[in-house]
Engineer: 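Following this message is one structure expressed as structure tokens.
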Number of protein chains: 2
Amino acid sequence: MAPKPEITIHDIAKKLNISASTVSRALKDNPLISEATRKKIKKAAIEMGYRPNVMAANLRTRRTNTIGVIVPLINRHFFSSVISGIEDVAYKQGFAVTISQSNDKLEKESTIAHSLFSNRVDGLILSIGMETQSYDHLKLFSERNIPLVFFDRIVEEIPAHKIVVDDFGGAYRATQHLIEQGRKKVAHIGGPLNLQIYAKREAGYRKAISDAGLQINENQILHNSLTRQDGLNAIKSILKTKERPDAIFCANDTTALSAIIHLKERGIKVPEDIAIVGFSNEPFSELVTPSISTIKQPGFEMGQKAAELLIKQIGSKTKPKAYETIMMETELIVRNSSQRK
Amino acid sequence: MAPKPEITIHDIAKKLNISASTVSRALKDNPLISEATRKKIKKAAIEMGYRPNVMAANLRTRRTNTIGVIVPLINRHFFSSVISGIEDVAYKQGFAVTISQSNDKLEKESTIAHSLFSNRVDGLILSIGMETQSYDHLKLFSERNIPLVFFDRIVEEIPAHKIVVDDFGGAYRATQHLIEQGRKKVAHIGGPLNLQIYAKREAGYRKAISDAGLQINENQILHNSLTRQDGLNAIKSILKTKERPDAIFCANDTTALSAIIHLKERGIKVPEDIAIVGFSNEPFSELVTPSISTIKQPGFEMGQKAAELLIKQIGSKTKPKAYETIMMETELIVRNSSQRK
DNA sequence: TTGTAAGCGTTATCAT
DNA sequence: ATGATAACGCTTACAA
């Protein structure tokens, strides 16, 4: 069966003996067009199976009504919550959303950014990858005044709206909670310090320790990429240090999970011997035994906020006078991995 | 600061006193262009900060080098594995991938399909939502000969390549395993039967039961949308039936999880009193206590295969003579929720 | 090896 | 209220 031919506004125009511009206007509900012709045109469009060629329209209008989103990994509860929040407001405002994952690779992040730029997305929302330390691929957007909004893993130096959570406060609260449970020697499994979120989490941790008048054992502060394997290496390494800690604050739930599993295997009791707190409230944290105490981040709301700011910026043709950094509150969720018995 | 102006091939041409077509050809590495001018042009392009306008090129070539992907939910390990598989082969072949989630809503699925069509994606890979029972939004693609590949949740009637797993075999194996553990009364929490995967899983379950000469209690076969809440309702309802089952085969891990949690709360022992097997091998299944026995599906490979078939089809201008249905093998993973003690 | 010119399907400007 | 025409930025016969 031969494919249906592409129907264009010209085909509709010819059929109805009117001009293409009238068709275009009618389909866009331009009020200049009379009710009667508008109806006639829309009817014909449906009958003929007309489908607008968005590329042509975009080329002409220099707008795509598309928002690009780059996240490190779509299969993380936090990130997919943010994406859902973005979609929630974007769709309501008539924007399409195209999602890409960088897999925490700078090269892929850069490729995607170029691709999104070349496709002329109207704006970009992103959370940078662990490797990202140079920002040429993002300059593209700022140079051409294409709105950019960062969330979570932001780049401080780039002028743009930023949606973050209170990483410092959350980490402080998490560490303080461990101390309140009577722990004196709290270790830390942290992320790469080029990402501000991890630097802030570590800072919050350090502050909580020093506010409580306790000591930090620098050998028990580790930095890695926070994968399952990294977590395993980290906990092993911590167990080899001289004074075994009685608690660990992990910069994410994945490493908290690794730690818990390894400690169980070694017969070290969680939380009795070593208490654990994670960060992010991944769904698995409440399912493991013991369930993982963690810091909850409002992902969906962050996505909504990011999309709102971005779309507002897309709408106004002038640059915002000032860039906002919106800090969302976190919440400590106490579960079994940290409770005093 | 004023935004940098858009640089076009004409700007480059003017600067170098050559024609735009030469620039276009050089940038595309057309062998007709001499080495010298090619180099000169590429150098200028970089210096001037040229970024191709993909929309214009697409409009002209009627190709976007973009693959659309629609999945019910990106935040499911199975689906995000498939997506990673798709990206793996697509990027290598120079295709961009744009991912969307339908949230199992027909309306959203339809909106997305129309949007992808209007943006003239070169091909579509999709797994339909739970509500999807009419396929007008997919006819669009077949009518215009835009290649379509289904995976997992396929539509039997639509002519297209299909990548599925052996749902029947997996379910058969899962149920057989329960029977081998000495279970005589196996219940089933199933999905909506308009989705073939769930119909097949139920069929596999039924076959295993009858092959073993056991009876099915039709009151203990339930159908729902397999959410956490649905699973909870289902297990409650099963517990109310006259002859309590000694095993349950759940059509996904989510409902298996609900069942396990509820049974624990009620003091009913898993697997001693009721053994459970799920389906999909979501990451949480090995983390819960007891860990969930389940059927593993090769998501990444399915994605790779889907992308390969799609891209091959995009490449050839003729319709494939026959549409393949590729069935991938599943694997039973035995964990604690089903082991005889 | 390079240039000229037409055209992809739409929208915007200017007429009528 | 509608039409004619040019233009968006690129690719591609065809010509030179």
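Side chains are part of it too, since the values below use all heavy atoms of this structure and drop only hydrogens, waters and symmetry mates. Throughout, protein chains are lettered first and strands after them, A, B, ... in sequence-line order, and every chain is numbered starting at 1.
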Engineer: For B:Ala56 and B:Ile18, find the nucleotide of DNA chain C closest to each by heavy atoms; which residue's nucleotide sits nearer the 5' end?
Structural biologist: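 In this pair, the answer is B:Ile18.
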Engineer: Is the shortest side-chain heavy-atom distance between A:Arg120 and B:Asn53 below 4.5 Å?
Structural biologist: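 A side-chain contact exists here, since the closest heavy-atom pair is under 4.5 Å.
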Engineer: If we only count heavy atoms from C-beta on, is the A:Glu324 to A:Lys162 side-chain gap below 4.5 Å?
Structural biologist: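 A:Glu324 vs A:Lys162: side chains apart.
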Engineer: Just the rounded figure in Å: distance from P of C:dT11 to CG of B:Leu59.
Structural biologist: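 From B:Leu59 CG to C:dT11 P: 12 Å.
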Engineer: Could you list where the contact with chain A starts and ends along DNA chain D, reading 5' to 3', using a 4.0 Å heavy-atom cut-off?
Structural biologist: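 Contact span on the strand: D:dA1 to D:dG9.
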Engineer: Could you state the atom-to-atom distance from CE of A:Met55 to C1' of C:dC8 in whole Å?
Structural biologist: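 Spelled out: CE on A:Met55 to C1' on C:dC8 is 8 Å.
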Engineer: Tell me the interatomic distance from B:Asn53, atom CG, to C:dC8, atom P, rounded to whole angstroms.
Structural biologist: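 Atom CG in B:Asn53 sits about 18 Å away from atom P in C:dC8.
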Engineer: Whole angstroms only, please: what is the CG-C1' distance between B:Asn119 and C:dG9?
Structural biologist: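 Rounding to the nearest Å, CG of B:Asn119 and C1' of C:dG9 are 14 Å apart.
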Engineer: So does B:Arg62 get a side-chain nitrogen or oxygen closer than 4.0 Å to the phosphate oxygens (OP1/OP2) of C:dG9?
Structural biologist: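 The answer is yes; a side-chain N or O of B:Arg62 sits under 4.0 Å from OP1 or OP2.
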Engineer: Quick check on DNA chain C: between B:Ile33 and B:Arg120, whose nearest nucleotide comes earlier from the 5' end?
Structural biologist: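 Here B:Ile33 is the residue nearer the 5' end.
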Engineer: For atom CD of A:Gln93, decide whether the heavy atoms of other residues, nucleotides or ligands shown that lie under 6.0 angstrom number more than 12.
Structural biologist: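 Yes, enclosed.
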Engineer: Would you indicate what A:Thr8 reaches in the nucleic acid, counting non-hydrogen atoms under 4.0 angstrom: base, sugar-phosphate, or nothing?
Structural biologist: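 A:Thr8: backbone/sugar contact only, no base atoms under 4.0 Å.
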Engineer: Can you confirm whether B:Lys108 is buried at NZ, in the sense that more than 12 heavy atoms of other residues, nucleotides or ligands lie under 6.0 Å from that atom?
Structural biologist: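 Check passes, neighbour count above 12.
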Engineer: Just how far, in rounded Å, is P of C:dT10 from CG of A:Asn58?
Structural biologist: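 The answer, rounded to whole Å, is 11 Å.
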Engineer: In chain order, what residues pass the salt bridge (Lys or Arg N to Asp or Glu O under 4.0 Å) check against B:Asp11, with sequence neighbours excluded?
Structural biologist: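 So B:Asp11 forms no salt bridge (Lys or Arg N to Asp or Glu O under 4.0 Å) with any residue.
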Engineer: So B:Phe79 and B:Ile74, do their side chains get closer than 4.5 Å, heavy atoms only?
Structural biologist: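 Not touching, per the 4.5 Å side-chain cut-off.
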Engineer: Which residues pass the salt bridge (Lys or Arg N to Asp or Glu O under 4.0 Å) test with A:Lys15, not counting sequence neighbours?
Structural biologist: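 With sequence neighbours excluded, A:Lys15 shows a salt bridge (Lys or Arg N to Asp or Glu O under 4.0 Å) to no residue whatsoever.
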Engineer: Taking CG from A:Asn30 and C1' from C:dA12, how many angstroms apart are they, rounded to a whole number?
Structural biologist: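 Computing the A:Asn30:CG to C:dA12:C1' distance gives 11 Å.
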Engineer: Grab the NE2-P distance between A:His10 and C:dG7 for me, whole Å please.
Structural biologist: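 Between P of C:dG7 and NE2 of A:His10: 12 Å.
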Engineer: List every contact pair, protein side and nucleotides 13-16 of chain C side both N or O, where the distance is under 3.5 Å.
Structural biologist:
| unit_1 | atom_1 | unit_2 | atom_2 | d |
| --- | --- | --- | --- | --- |
| C:dT13 | O4 | A:Arg25 | NH1 | 3.4 |

Engineer: What is the separation between atom CD1 on B:Ile12 and atom P on C:dG3, rounded to the nearest whole Å?
Structural biologist: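 Distance check: B:Ile12 CD1 to C:dG3 P gives 14 Å.
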Engineer: Restricting to salt bridge (Lys or Arg N to Asp or Glu O under 4.0 Å), what partner residues turn up for A:Lys92, sequence neighbours left out?
Structural biologist: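 So A:Lys92 forms a salt bridge (Lys or Arg N to Asp or Glu O under 4.0 Å) with A:Asp88.
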Engineer: Sequence neighbours excluded, which residues qualify as salt bridge (Lys or Arg N to Asp or Glu O under 4.0 Å) partners of B:Arg76?
Structural biologist: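 Salt bridge (Lys or Arg N to Asp or Glu O under 4.0 Å) list for B:Arg76, sorted by chain: empty.
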